[in-house]
Amino acid sequence: MQDFRKLQVWARAHALALAVRRAARGFPRTGFGSLRNQMIRAAESIATNIVEGCGAESRKEFARFLEIAIKSAMELEYHLQLANDCDVISPAVWQELSAEVIEVRRMLQGLRRRVLEADSLSRPHE
């Protein structure tokens, strides 16, 4: 187990979730509730899966939670694209949030790779 607050990727994912919530406040009151909810859910899922993974009993399990977080980042990237294409977020907000979700995803992929490498190094060779 490790303290998720010490992970830079968690801090970035948490800040991203807050930024997505702020951006979603500007959605029209009708017609985009589902997109708004899905976007927020995906953003929060990234940070949540990092936290859950930090409580994992093994590196392999931690890596699985990081994989889920990566998939949530992919989902969020699409929701942001859709929100931009539907003109419910500005192009500037879309660019900023998209760039951040891509960076968080890259950080997650790097952390997952390191966790799996450490797992393979800790196992006795057959």
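Index from 1, following the sequence.
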When rounded to the nearest 0.5 angstrom, what distance separates [atom1] in [X] from [atom2] in [Y]?
{"X": "Arg114", "Y": "Gln109", "atom1": "CZ", "atom2": "CD", "result": "11.5 Å"}
{"X": "Glu103", "Y": "Arg12", "atom1": "CD", "atom2": "CZ", "result": "5.0 Å"}
{"X": "Cys54", "Y": "Arg5", "atom1": "SG", "atom2": "CZ", "result": "10.0 Å"}
{"X": "Gln95", "Y": "Glu100", "atom1": "CD", "atom2": "CD", "result": "14.0 Å"}
{"X": "Leu76", "Y": "Ile46", "atom1": "CG", "atom2": "CD1", "result": "5.0 Å"}

On a heavy-atom basis, which atom in [X] and which in [Y] lie closest, and how many Å separate them?
{"X": "Gln2", "Y": "Leu7", "answer": "NE2-CD1, 3.5 Å"}
{"X": "Ala47", "Y": "His14", "answer": "CB-N, 4.1 Å"}
{"X": "Ala23", "Y": "Val93", "answer": "CB-CG1, 3.9 Å"}
{"X": "Ser72", "Y": "Asn49", "answer": "OG-ND2, 4.4 Å"}

Answer whether the closest heavy-atom distance between the side chains of [X] and [Y] falls below 4.5 Å.
{"X": "Phe27", "Y": "Ile89", "answer": "yes"}
{"X": "Phe62", "Y": "Arg112", "answer": "no"}
{"X": "Arg105", "Y": "Ile102", "answer": "yes"}
{"X": "Asn84", "Y": "Pro91", "answer": "yes"}
{"X": "Leu111", "Y": "Val115", "answer": "yes"}
{"X": "Leu116", "Y": "Arg59", "answer": "no"}

Dump the intermediate steps for side-chain contact (heavy atoms from CB on, under 4.5 Å) on Ile50 and Leu108, then the final yes or no. CA-CA 9 Å; Ile50 296 168; Leu108 286 165; 3.7 Å; yes
Where the side chain of Glu61 meets the backbone of Glu57, is there a donor-acceptor pair that is under 3.5 Å apart?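 Yes; at least one donor-acceptor contact below 3.5 Å.
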Could you tell me whether a side-chain N or O of Ser45 sits under 3.5 Å from a main-chain N or O of Arg41, the two making a donor and an acceptor?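 No: the side chain of Ser45 does not pair with the backbone of Arg41.
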Shared ILVMFWY cluster between [X] and [Y], side chains joined below 4.5 angstrom?
{"X": "Phe65", "Y": "Met107", "value": "no"}
{"X": "Leu82", "Y": "Met39", "value": "yes"}
{"X": "Val101", "Y": "Ile40", "value": "yes"}
{"X": "Val20", "Y": "Met74", "value": "no"}
{"X": "Tyr78", "Y": "Phe32", "value": "yes"}

Could you tell me whether Glu75 and Lys71 make a salt bridge, using a distance below 4.0 angstrom between a side-chain N and a carboxylate O?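 Salt bridge between Glu75 and Lys71, a charged N being under 4.0 Å from a carboxylate O: no.
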Check the surroundings of atom CD in Glu96: do more than 12 heavy atoms from other residues, nucleotides or ligands lie under 6.0 Å from it?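 No, because the 6.0 Å sphere around CD of Glu96 holds 12 heavy atoms or fewer from other groups.
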